[in-house]
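Keep in mind the model is a prediction, meaning the values are calculated, not measured.
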Amino acid sequence: MAELTFESSLTDEQIAENFKNISFFDGLMNGLNEALAYEKGTAKAETYARKQSLPEVDVAKERAALNMTQKAFAALIGVSKRTVEAWECGKCTPSPTAKKLIHLLSLDPSLVQKM
């Protein structure tokens, strides 16, 4: 039996960062459920194409650009003020969903009024 190999355009560090806050078991189950849905012909459109890497975000910089306090920014993102503090001091990183949201806000600050 041939040895299995994994090829990616991402570096090992980028892969590790992308999966830093993701449960291996949950990810495995989601992948298996997506494969089953694909086999049944009920897979969602996003199953077929995924972005390879998440954008890097500087939470403090993006929050300052929006002229928001940590408390207001936390409410906007849907996390606690302590979570924003932890992101800004480097104790932890935003989840993939939070990274995407912060990135979208940096691209279009008018989204603040829409949220």
Side-chain angles (χ1 to χ4, degrees):
M1 182 171 164
E3 182 178 324
L4 297 176
T5 59
F6 174 76
E7 294 181 23
S8 174
S9 61
L10 301 175
T11 66
D12 289 342
E13 292 80 20
Q14 289 172 316
I15 293 169
E17 183 64 29
N18 283 346
F19 290 97
K20 189 174 187 177
N21 295 320
I22 297 175
S23 162
F24 176 76
F25 178 76
D26 289 344
L28 184 60
M29 284 305 297
N30 287 340
L32 290 172
N33 285 329
E34 284 180 5
L36 183 60
Y38 178 83
E39 185 64 28
K40 290 180 177 180
T42 60
K44 297 178 185 174
E46 64 266 14
T47 299
Y48 301 112
R50 295 196 185 267
K51 190 169 182 170
Q52 291 188 349
S53 64
L54 296 171
E56 290 301 318
V57 293
D58 180 336
V59 177
K61 177 183 162 196
E62 300 304 337
R63 178 181 61 78
L66 295 171
N67 198 27
M68 298 181 85
T69 64
Q70 287 180 334
K71 184 177 181 180
F73 189 74
L76 178 69
I77 301 295
V79 298
S80 71
K81 180 179 177 276
R82 284 186 168 210
T83 298
V84 172
E85 290 171 354
W87 291 344
E88 290 187 3
C89 73
K91 286 185 180 177
C92 64
T93 60
S95 68
T97 303
K99 276 186 181 182
K100 287 179 186 179
L101 181 54
I102 295 166
H103 179 69
L104 290 173
L105 288 167
S106 74
L107 295 176
D108 184 3
S110 71
L111 291 174
V112 172
Q113 281 73 39
K114 296 175 185 177
M115 294 175 63

Gap between atom CD of E62 and atom NE2 of H103 - 0.5 Å precision: 9.0 Å
Check against side-chain contact (heavy atoms from CB on, under 4.5 Å), F73 and V79: CA-CA 9 Å; F73 189 74; V79 298; over 6 Å; no
Residue pair K99, E17: steps toward the side-chain contact (heavy atoms from CB on, under 4.5 Å) verdict: CA-CA 12 Å; K99 276 186 181 182; E17 183 64 29; 3.5 Å; yes
same_hphob_cluster(L104, V112) at 4.5 Å side-chain heavy-atom cutoff: yes
Any side-chain heavy-atom pair of I102 and W87 under 4.5 Å: yes
Test item: V57 and P94 side chains (from C-beta on) under 4.5 Å apart, heavy atoms: yes
Side chain to side chain donor-acceptor pair (under 3.5 Å) partners of residues 63-76, not counting sequence neighbours, each pair once: R63-E88, Q70-E88
Contact check, side chains of I77 and V84, non-hydrogen atoms, under 4.5 Å: no
From CA spacing to verdict: side-chain contact (heavy atoms from CB on, under 4.5 Å), L76, L105: CA-CA 10 Å; L76 178 69; L105 288 167; 3.7 Å; yes
Exam field: side chain Q14 to backbone T11, donor-acceptor pair closer than 3.5 Å: yes
